[in-house]
Structure formats: C-alpha cells, structure tokens
Amino acid sequence: MNFELKSLDASGCAAEKCDALLVVVPEGFQAGSDALSGWIAQARKAGDLDSKAGKSLALYKPQGLAATRVMLCSVGEGSARQVRQAVVGGVGALRTAKRLVLCCAGPWTEATLRAAIAAVADASYVYTATKSKPEARVLATVVVAVADVREARAAFDQAVGTVAGIELAKEWGNRPGNHATPTLLANAAKTLARYPRIKCEVLGPREVAKLGMGSFMSVAQGSEEPLRFIVLRYDGAARTVAPTVLVGKGITFDTGGISIKPAGEMDEMKFDMCGAASVLGVFRALAEIKPAINVVGLIPAAENMPDGRAVKPGDVVTSMSGQTIEILNTDAEGRLVLCDALSYAERFKPRAVIDIATLTGACVVALGGVRSGLFSNDETLANALLAAGEGALDPCWRLPLDDDYADGLKTNFADVANVAGRAGGAVTAAKFLQRFAGTRPWAHLDIAGTAWKGGTAKGSTGRPVGLLLGYLLGDTATGAPPVQPTPKRKAAAKPVPAKSAPARKRRAAA
Ligand code: BES
Ligand code: MN
Ligand code: ZN
C-alpha cells in the first residue's frame, strides 16, 4: 500500500478520480461552493449525517464528484481518537476500493492527520503469510489530501514511516510459532540491516554462554530451537550521542515449560514475542523516518518448552549480572530472558533503557486491552512515555515500584526468586527486572494486554510501536523532548505546520 500526499482543496477532491473518497467531517463543518461540501451540507440538513463521531453516510456516484463511492464520516469535535474511529469504520465499509482519497472537510491537525493515516492502514491490514490462497490487501494507493503539501510533509512522513513499523510488528506477531522461531526472528532483524544506518549482529548459544547469560540460557534449554540474541543498531547521530536501548521480549512460543500452561488459548502464546516484534517495527520505521538519533535494539529470543533437559522449578541459575536466581515457576520466563539483556544494555552507556514485554497475565487483569502497563525508576522518562502514548493513541498507565513489592521475591536458596505470590503480579515482575536495570533511567512496558486481540478479531495490534516512536522522535502530547526536562507546554490542537520545524531542530540539538 502506497501513501501519496497531495495538495487538494474541496473542489480538487471532488475532481479526483478514485474508487473511493473518504471524507472526515468535523462538527463545525462550513460548506463552500464546491460539489463535495454541497453534498455534505444537504445530508446534514436532511438529518442523514449525524455529527457524532462514528456516524457515516455512503454515496454512490454522486453528481459532480469523480469518485465512484463516497463515504462521509462524522468525527464530532474532531479529536484524533474520533478521527481514528471514523476512518476505521469508513475504510471497513470500503473494502473493495483500490485507490482511496482521504480528505478532511475542515483543517487537519498534525495529530488528526497521523491518526487518519494509521487508521487507514490498521483497517485494511490483512494477514497472508500462512494462507495457501492468500487474499491480498485490495487497497493499493491512498491519496492524502491536504491544503499544503509542504506544511504537512513532516507529519505525513512520520505517520507513513510509523505505519511501516506497525505493519512489520503485526506481521511477526501474527506468525505462528513454527514460522517465527528465534532463528527466523534473527533473520528478519538481519534483513532490516539492508537499510542504511542499520546494523545487526546475531549471537548464538556459544556467544551467549561466553557472556554468562545463564538466566536467558536456562529458558531456551528445553527447546530444540537454538536461542538467538539479536543486537540492532540505528546510527542516525554522532557516535558521541548516547543511544536509547530498546529491549524486546522474544519468546517465540511460551508453553510455560515444566510449569506448563493449561490448553485453553495456549495458541495465543505465539504472541509472546510481540515485544521483540515492536523493536523490529521501530527499526523499520526509523529506516523510513531517518531521525538524527541513536537507538539500540536488543532481543533475547527463545522458545519456552517442557523437555527432559528443560529447567525445573527449584533450579538455581546465575545471571550475567552475577546474581543467582531460583526459578520457582518456569512460566515466569520473560523476566529470565530480559534480565540478561538488561545487563548487556549497560555496555552502550544508554541515555535510557526501555524494555517491552508481554510479561504478565496480572497486567491484563489490571489494565485490560486499553493501556499498557508502565513502570519506571525515572520521573522524566515516565512522563515522556506517558505523553508519547497519548499523542500516538497508544496509551500506557504508570504503576508503582515500591520496594515493599519485592518482599515476595526473597528466597533461602538464591539472591532472588523469579516469582512472588499471585498478588500484584505485574508489579512484582517489574521489581524483579528493576534489580538488573542499574541506576540509569529505565522503563518497563508490560504489553500483555495490548499487543494482541483475542476472539474473532484475533491478531497482533502492532502496539506499542506508535508510543515508542512518539517518544524517540520527541513528539509527545506535551511537546516535551525525550528525557531532557523542559518547561511544560499546553497540548493545543495545532494546525499541521505549527510544530514540525522546531521539533526537528530540537532533535538535531539533542
Ligand atoms: N507470557 C506470559 C504472560 C501472559 C499471560 C501474557 C497471558 C498474556 C496473557 C508470561 O510468560 C507468563 O506466563 N507469566 C505468568 C507469570 C506467573 C507464573 C508469575 C503469568 O502471568 O501467569
Ligand atoms: Mn510464561
Ligand atoms: Zn511468556
């Protein structure tokens, strides 16, 4: 699918030949003298197009318009969330369209333009990788109509780059375990290194043993699939600029190991590498957007299986940090692979480390599928991630890290146990990780509830690629750049050009 940016006013949109014209109509819509606003005004007046977000009206070959189908989609006050909802609905109803023109019967803001582009991609995505007769995505071209191409360019490029990242994350998240082994995941990462500025190094069992990653290795030892430790680098700034390190949990299938999971919905544990997929997605987007920053991606990838050689409850392993861990439950394997990756992260002297993991069922209970869980030892980092989540419509919610939560991780047989009781399970998992994060700014995103959807809409969401890119590009609802504290600014709905130039300068200076 290709996105094109085009300067078109309302009469330009009316004259643009396409299978479908999707018009976002805000509450305060003012009719002009063109054919398109004529139709909107008529429909409004007749009571056939309610102004509430989610209401829509379909027209077929309306007179004066070059489009075959026209969807008028109301967006209420026109928040980014309302625009997303409307566009998802509209694209869903226009399934057969190959060439779609997307326009707004009012001014786009940077946020609504980005939300609309993300929504078009989300609603038209189709999974094909393991179908014998794949029905490919019909939508081939999306023309995004704006008042002035030059003013909208930066927001458009960022949105289109982000879409590429989200789609790669969805793709790898959705692939079944036998089509997304640690080795295949590593190959996907190597493929990304074909883009300029991206490098990839893959470590296997021997190198990982040499590093002393006894915790990571213990998870992989029950599987026939060899582990992989993937190191990605995006070098967009000078070597002297400290990178942000992203660590993605890459359990390509989680049976629970010897502490085996019940059969019901176990298939969904193919999604247990969605943290890793989000890291791949971020790098795919960085390749498109080419910002002047440095980013490192670390992915400990393994399969968690029961076997004669598998790690057993009660086994004690030595992590790369030197801390010994008593594995009381082999199903709490995510933290065991992440802790060694967090130790490895230290060598990059990062400005911040962010791990992303489908870590706990407890986080699903706490926050459901709406917000990811956020934990951090650093206020500035936490606030920047919270703001980035709001700006990207990929929100998270901060949970506590009081030391009292770590009490349950005490054991008589090692420095730390890998599980505490059932209570506060998302927090105790984060407390375990915190022991390995050191003193640098660190954040943990528990995406167990947000990385995929179950039921009939079963599939990867591509989250939190949008949040992470929003953070890395310094593009948050408050306008605050990542990590560095700045005076807060009001999050006003600005017209498209308002922010992009200064944001670029800030990034270059950072
Ligand atoms: N991958 C799971 C977490 C998970 C479970 C995500 C269900 C989404 C839905 C993780 O490895 C796990 O099994 N966690 C255990 C931890 C427990 C043994 C302390 C859990 O949450 O039950
Ligand atoms: Mn598990
Ligand atoms: Zn898991």
Side-chain angles (χ1 to χ4, degrees), residues 1-76 78 82-108 112-126 134-149 152 156 159-160 163:
M1 185 185 38
N2 267 321
F3 286 94
E4 287 168 15
L5 189 61
K6 206 164 174 180
S7 293
L8 288 172
D9 59 7
S11 40
C13 288
E16 188 76 13
K17 277 201 90 150
C18 56
D19 304 307
L21 175 64
L22 200 163
V23 190
V24 163
V25 187
E27 215 169 54
F29 156 79
Q30 299 283 329
S33 55
D34 60 286
L36 181 56
S37 37
W39 281 106
I40 300 171
Q42 269 189 61
R44 271 276 159 85
K45 205 167 160 206
D48 284 326
L49 181 65
D50 198 297
S51 66
K52 272 198 224 109
K55 300 287 178 188
S56 63
L57 181 68
L59 315 174
Y60 192 71
K61 294 189 175 168
Q63 214 178 20
L65 304 189
T68 312
R69 300 166 200 82
V70 179
M71 271 304 265
L72 308 176
C73 300
S74 289
V75 294
Q82 289 167 319
V83 168
R84 175 177 68 180
Q85 185 197 355
V87 172
V88 165
V91 171
L94 294 168
R95 290 236 168 265
T96 54
K98 271 200 197 125
R99 182 182 158 85
L100 176 86
V101 175
L102 175 65
C103 71
C104 184
W108 290 112
T112 57
L113 185 70
R114 285 202 308 241
I117 289 170
V120 171
D122 196 44
S124 61
Y125 171 83
V126 268
E135 279 175 38
R137 172 186 245 151
V138 184
L139 191 55
T141 307
V142 182
V143 178
V144 182
V146 295
D148 184 339
V149 162
F156 172 84
V160 172
V163 160

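- When the side-chain contact (heavy atoms from CB on, under 4.5 Å) test is applied to Val160, the partners found at least two apart in sequence or on another chain are Phe3, Ile117, Phe156.
- Contact record, Gln85 with Ala53: OE1-CB, 3.9 Å, taken as the closest heavy-atom pair.
- Trp108 approaches Ala145 most closely through the heavy-atom pair NE1-O, 2.9 Å.
- Residue pairs satisfying the side chain to side chain donor-acceptor pair (under 3.5 Å) criterion with at least one member in residues 26-37, sequence neighbours excluded, are listed as follows: Asp34-Ser37.
- Side-chain contact between Cys18 and Arg99 is present, with at least one heavy-atom pair separated by less than 4.5 Å.
- Among Cys73, Cys103, Cys104, Ser56, the single residue meeting the side chain to side chain contact (heavy atoms under 4.5 Å, CB included) criterion with Leu22 is Cys73.
- Contact record, Asp19 with Thr68: O-CB, 3.5 Å, taken as the closest heavy-atom pair.
- Side-chain contact between Leu100 and Ser124 is absent, with no heavy-atom pair separated by less than 4.5 Å.
- Residues Leu49 and Ser74 are in side-chain contact: their nearest non-hydrogen atoms beyond the backbone lie under 4.5 Å apart.
- Listed by chain and residue number, Arg84, Val87, Val88 satisfy the side-chain contact (heavy atoms from CB on, under 4.5 Å) test with Ala119 (two or more places apart in sequence, or in another chain).
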Go through Val120 and Leu139 one step at a time and tell me if the side-chain contact (heavy atoms from CB on, under 4.5 Å) criterion holds. CA-CA 9 Å; Val120 171; Leu139 191 55; 3.7 Å; yes
Apply side-chain contact (heavy atoms from CB on, under 4.5 Å) to residues Val142 and Met1 and explain how you reach the verdict. CA-CA 7 Å; Val142 182; Met1 185 185 38; 3.9 Å; yes
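- Shown here for Pro26 and Val75, the closest heavy-atom pair between the two residues is CA-CG2, 3.5 Å.
- The heavy-atom pair separating Ala66 from Ala15 by the smallest distance is CB-O, 3.5 Å.
- When all heavy atoms of Ala136 and Val126 are compared, the closest pair comes out as C-CG2, 3.8 Å.
- Side-chain contact between Val138 and Arg95 is absent, with no heavy atoms from C-beta onward closer than 4.5 Å.
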Go through the steps to decide whether Glu16 and Leu21 satisfy the test side-chain contact (heavy atoms from CB on, under 4.5 Å), and finish with yes or no.
CA-CA 9 Å; Glu16 188 76 13; Leu21 175 64; over 6 Å; no
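- Counting only heavy atoms from C-beta outward, the side chains of Leu57 and Trp39 never approach each other to under 4.5 Å.
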